[in-house]
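All remarks here apply to the structure that follows.
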Amino acid sequence: MKNIEKFLSILDGEADGLLLTSRYSRHYGAEFDIAEGMAIVTRKGCRYFTDSRYIESAQAGIRGFEVLDVNADRNYAKCLNDAIADFGVTTLGYEEKYLTVAEFMNLEKNLNAKLVPMNDRINGFRDVKEPWELDLMRKAQKIADKAFEEALPRIHAGMTELEAQAELIYAMYKNGAQGLSFDPIVVSGPNTSMPHGVAGDRVIREGDFVTMDFGVLYQGYCSDTTRTFAVGYATEEMKKVYDTVLEAQKAGIAITKAGVTGAQVDGAARKVITDAGYGEYFGHSYGHGVGLEIHEGPNMSFRYLKEIPAGAVTSAEPGIYLPGKFGVRIEDVTIVTADGCEDITNLPKDLLII
């Protein structure tokens, strides 16, 4: 089923049209990425609007929509109202998660249709990926894997975190990244105890852990990887924490399959860490959905009580963070299947000492 057909399937008594404003839903419906625009989906027709910067690319790449340009004389409200009139729309489902209050108020004031919040229904389809989407995500992960393998030999004691981050970013683009899933996290030594630390001028030293959390974009789809490695040597405590995190990740991956809840997967990994005496130092969830966004549904969280469907793509990233000392996180991306999961990250997971 084409993605636009999925959107059409939710047009019922709640709404007779959908207004797609986020880049993610527009990409999903059109199966083509345009940085700026809006789209309307109805059973009588679908239109995609963008400006002169993107119109040629949109008209060449978008299928399933009539593609029209906006300009000074035909702004988005005018274009949308023309479509509302042409297609007989009275109610439009919209993505409340992605609109600011000002944007919503402007649309509510100027559109000739009632706006109905439908974010979860519009974006819920992305929880399960189509085979072609999975292929793109496998490709994204391969690019990230190769980038890490190329950057790692260039990381050494005496360079700063920012210099190490630059090596990693260069390697990602050199190997085919079309963008970054997020700003990479490259931290060292005591900074590794901050799960989302920011690279700075700290100089990497012998005996440090270095954590690299990074991802690439490939045709709009994200990868997500974290590796923690030691420089020069690792103490027995460092090795123990690392091994505990690795066993926790293995435990989560082992029970991941369709029909298991996110809370169950999180619980399997969390038990390993708690039993080792580090439960209070694992503050975030085991994982999250990955796709057009780096964080999307479904979640591998202790709060997520829904069953994970086959075709979901989720991260597997337990961690232990000892404030002021060091932290360890190991992250792969898995595709959930009926009887297990496919780990699409192909990097070594035993402790690396460079």
**Message:** Which residues pass the ring pair (Phe, Tyr, Trp, His ring centres under 6.0 Å) test with His295, not counting sequence neighbours?
**Reply:**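 Here the qualifying residues are His288.
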
**Asked** Of all residues at least two apart in sequence or in a different chain, which pass the salt bridge (Lys or Arg N to Asp or Glu O under 4.0 Å) check with Asp12?
**Response**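 So Asp12 forms a salt bridge (Lys or Arg N to Asp or Glu O under 4.0 Å) with Arg121.
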
**Item:** Summary of side chain to side chain donor-acceptor pair (under 3.5 Å) pairs that have at least one residue in residues 297-307, sequence neighbours excluded
**Value:**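 Of all non-adjacent pairs touching residues 297-307, none passes side chain to side chain donor-acceptor pair (under 3.5 Å).
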
Enumerate the ring-ring contact (aromatic ring centres under 6.0 Å, His included) contacts for [range], please, sequence neighbours excluded, ordered by first and then second residue.
| range | result |
| --- | --- |
| residues 103-135 | Tyr94-Phe104 |
| residues 227-283 | Phe282-His284 |
| residues 149-203 | none |

Show which side-chain atoms of residues 206-214 pair as donor or acceptor with protein atoms under 3.5 Å away, not counting sequence neighbours.
{"unit_1": "Asp208", "atom_1": "OD1", "unit_2": "Arg202", "atom_2": "NH2", "d": "3.4"}
{"unit_1": "Asp208", "atom_1": "OD2", "unit_2": "Arg202", "atom_2": "NH1", "d": "2.7"}
{"unit_1": "Asp208", "atom_1": "OD2", "unit_2": "Arg202", "atom_2": "NH2", "d": "3.3"}
{"unit_1": "Asp208", "atom_1": "OD2", "unit_2": "Arg205", "atom_2": "N", "d": "2.8"}
{"unit_1": "Thr211", "atom_1": "OG1", "unit_2": "Thr228", "atom_2": "OG1", "d": "3.0"}
{"unit_1": "Asp213", "atom_1": "OD1", "unit_2": "Thr226", "atom_2": "OG1", "d": "3.2"}
{"unit_1": "Asp213", "atom_1": "OD2", "unit_2": "Thr226", "atom_2": "OG1", "d": "3.3"}
{"unit_1": "Asp213", "atom_1": "OD2", "unit_2": "Arg329", "atom_2": "NH2", "d": "3.0"}

Could you give all pairs that pass the salt bridge (Lys or Arg N to Asp or Glu O under 4.0 Å) test and reach [range], with sequence neighbours left out?
| range | result |
| --- | --- |
| residues 284-293 | Arg126-Glu293 |
| residues 24-33 | Arg23-Asp33 |
| residues 344-354 | Asp332-Lys349, Asp343-Lys349 |

With a 3.5 Å cut-off and sequence neighbours excluded, list the donor-acceptor pairs that the side chains of residues 62-70 form with protein atoms.
{"unit_1": "Arg63", "atom_1": "NH1", "unit_2": "Ala60", "atom_2": "O", "d": "3.0"}
{"unit_1": "Arg63", "atom_1": "NH2", "unit_2": "Ala60", "atom_2": "O", "d": "3.3"}
{"unit_1": "Glu66", "atom_1": "OE1", "unit_2": "Arg47", "atom_2": "NE", "d": "3.0"}

**Item:** Residues that Thr42 engages under side chain to side chain donor-acceptor pair (under 3.5 Å), provided they are two or more places apart
**Value:**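 Here no residue qualifies.
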
